[in-house]
There are 2 protein chains.
Amino acid sequence: MTQTPPDNLETLRKEIANRYQTLSPRLKQVASYVIDNPNDIGLETLSVIASRCNVQPSTIVRFAKAFGYRGASDMQRLFRNEILSASPAPSYSERIRQFRKRSDEVDWLSPHNVLHDFAESNIIALEHLREVVLPADLEKSVELMHKAHTVYLAGVRRSFPVAAYLAYSLSHVEKRAFLLDGVAGMTSEQSWMLGPEDVVIAISFRPYSDDTAAVAERARANGAPLIAISDSRLSPIARDAAVCFEIKDAEVRQFRSLTASMCIAQTLVISYAYKYGAEKPKIGDERR
Amino acid sequence: MTQTPPDNLETLRKEIANRYQTLSPRLKQVASYVIDNPNDIGLETLSVIASRCNVQPSTIVRFAKAFGYRGASDMQRLFRNEILSASPAPSYSERIRQFRKRSDEVDWLSPHNVLHDFAESNIIALEHLREVVLPADLEKSVELMHKAHTVYLAGVRRSFPVAAYLAYSLSHVEKRAFLLDGVAGMTSEQSWMLGPEDVVIAISFRPYSDDTAAVAERARANGAPLIAISDSRLSPIARDAAVCFEIKDAEVRQFRSLTASMCIAQTLVISYAYKYGAEKPKIGDERR
DNA sequence: CCAGGAATGAAAAATATGTTTCACTGCGCA
DNA sequence: TGCGCAGTGAAACATATTTTTCATTCCTGG
């Protein structure tokens, strides 16, 4: 038990984070809830907080005592004060006005602004994506994956994360998937084995990688169906593809995002899993 | 006594204003206090509100009843709800819950529906992201990366794509970056070299990987600053982090997305590049 | 000046809330 | 196997808070 109960929210947060590992399971539940829903702690009664954490009221008291307070009320007082000091009760219009002002003052170079721009343009890219992708392409891809003995993933450089994600998540829904990752420069050695019973998902964007194009070419030569994720139907990998997803990803200051590509990848995996995959993708998954 | 108790703060305000003249002196006192200190009404107990108005607790009850509520508690609930809904906008979990409800109504998810849902929840996640990330955290991270001799990336399984992306794009803006990728199971062998002059970016989500946690622990032991990208401040890697980005990524049918994490990763790289990075991409190189 | 009734304060009663206790479970360890 | 102990849930208990009651005050109209 702590000797010095934290007297402001920030230090309490840190203290909880530090000691989280050492807490008992129930106290961990409470800890997460306290961190995630500070308002509730201040506003609701013990029993409703308790039921929201799936815990007994007494556990909340134990939690508070574990952090040095004399009781749960003691701790709640802290959160109430925080609410009181955080919102000096200005009117709504006042708050809106202040928010506007703040975002106008931001200098355009700050990281925060980069984040804002990035989030914004990713959002636009996602909205675009769901409009232009043809349902038939998705269904066809799912069928190809289903019929395939093995799914091979090809993608390097900027596209590598997408390929890696696909390899990881497909194998987690119990679809045999291999990443042609070119470790030790073995991409071509890895791809001789492609056959008509497999499927290749190749991901590549301008300027197209020779490696990935070679895999696509090998797939064509060996009769393996190809699903292409690319920025143009004219790209080297799209040429002989059974399905081609033409993805326009967001671009901020010359940096292209991967959001839309990742979104398509995830959609493929989930659609596959939903239709054919193992029902339980993960074990030990904690729910809130 | 009013038949219809106002069910939101705005109408209650109007109602009070309308009837103010007709109220008894004590009720007028209460009325002014209620108008001026809405937070107190929600947060404090009747007796402290009463004493702040120089009034008896019973008067507060009378006031509430005069406006149609069944008791003072009834009226207080209104103010609490107002505080809950006003402070952090609709919370992320709330928005997700609402979205879930909508998409649950479609019982069979075609691939196209999956895409739609995925795009939608990624958008929500991105909107949430840009609201909760602290500019100071971004700036601090950029400074840490700048001062570091080398940036080490740790992330496995689902987080691997993010780490891979960071390694790739950082080295393309001429920042020395290595992926602790555990090829040949060498993660721990790779991480002994971390030192105070470096920085580690560790990415891990529930259920947390022991490998990544070990790297974080090693970073701490060796005095290397740590930037954590995780889903909770309570995660093993967040404990000793100099900066922790708490990312709530989208989740559709148990599958968690990477959109928000990727967005943060990209923001870090671009912000770094903008402030310190090489001005021009290398000739003939893929756009970053 | 004196009813009569609304408004008020004080305190009792009712209720809700927070805290403590205790018995039980599951687990590590001799 | 049995002991001891930390962790937990349920319920008893104590406290705080709200609501009601009732006696008193204050004002108004006859």
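The analysis underlying the following values was restricted to heavy atoms, covering all of them including side chains, and did not include hydrogens, waters or symmetry mates. Computed from a predicted model, the values in this text were never measured in an experiment. In what follows, every chain begins at residue 1, and chains take the letters A, B, ... in the order their sequences are listed.
- Closest to the S24(A) side chain, of the nucleotides dG7(D), dT20(D), dT20(C), is dG7(D).
- Here the P atom of nucleotide dT8(D) and the CG atom of N54(A) are 14 Å apart, to the nearest Å.
- In this structure, CG of L46(B) is placed 20 Å from P of dA13(C), rounded to the nearest angstrom.
- Using modelled atom types, one finds a donor on one side chain and an acceptor on the other under 3.5 Å when comparing D231(B) with Y208(B).
- If you measure from atom NZ of K28(A) to atom C1' of dG7(D), you get 13 Å, rounded to the nearest angstrom.
- Distances shown here put a side-chain N or O of Q56(A) below 4.0 Å from the OP1 or OP2 atom of dA10(D).
- Ionic pairing of E246(B) and K248(B) is present here: one or more N-O contacts between side-chain nitrogen and carboxylate oxygen are shorter than 4.0 angstrom.
- Listed nucleotides dT19(C), dT17(C), dG9(C) differ in distance to V61(A); the shortest reach to its side chain belongs to dT19(C).
- Between R77(B) atom CZ and dT17(D) atom C1' the separation is 14 Å, expressed in whole Å.
- Using a cut-off of 4.0 Å between Lys/Arg side-chain N and Asp/Glu carboxylate O, K140(B) and E143(B) are scored as not salt-bridged.
- Of the side-chain N and O atoms in S58(A), none sit less than 4.0 angstrom from OP1 or OP2 of dT20(C).
- In this model, a donor atom of one side chain and an acceptor atom of the other lie less than 3.5 Å apart for S230(B) and S235(B).
- Among the atoms of the strands shown, only primed sugar atoms or phosphate atoms (P, OP1, OP2) are found under 4.0 Å from some heavy atom of Q76(A).
- dT8(D) atom P lies 13 Å from atom CZ of F63(A), rounded to whole Å.
- Between the CD1 atom of I60(A) and the P atom of dT8(D) there is a distance of 12 Å, rounded to whole Å.
- One interatomic measurement links the two molecules: CD1 of I49(A) to P of dT19(C), which rounds to 11 Å at whole-angstrom precision.
- Taking the nucleotide of DNA chain C with the nearest heavy atom to each of L27(B) and P57(B), the more 5' of the two is matched to L27(B).
- What separates CG of L43(A) from P of dT17(C) is a distance of 14 Å, to the nearest Å.
- Residue S73(B) places no side-chain N or O under 4.0 Å from the OP1 or OP2 atom of dT17(D).
- Both the sub-6.0 Å distance and the 45° axial angle are not jointly satisfied by R26(A) relative to the ring of F63(A).
- The base of dG9(C) sits within donor-acceptor range of the side chain of R62(B), with an N or O pair under 3.5 Å.
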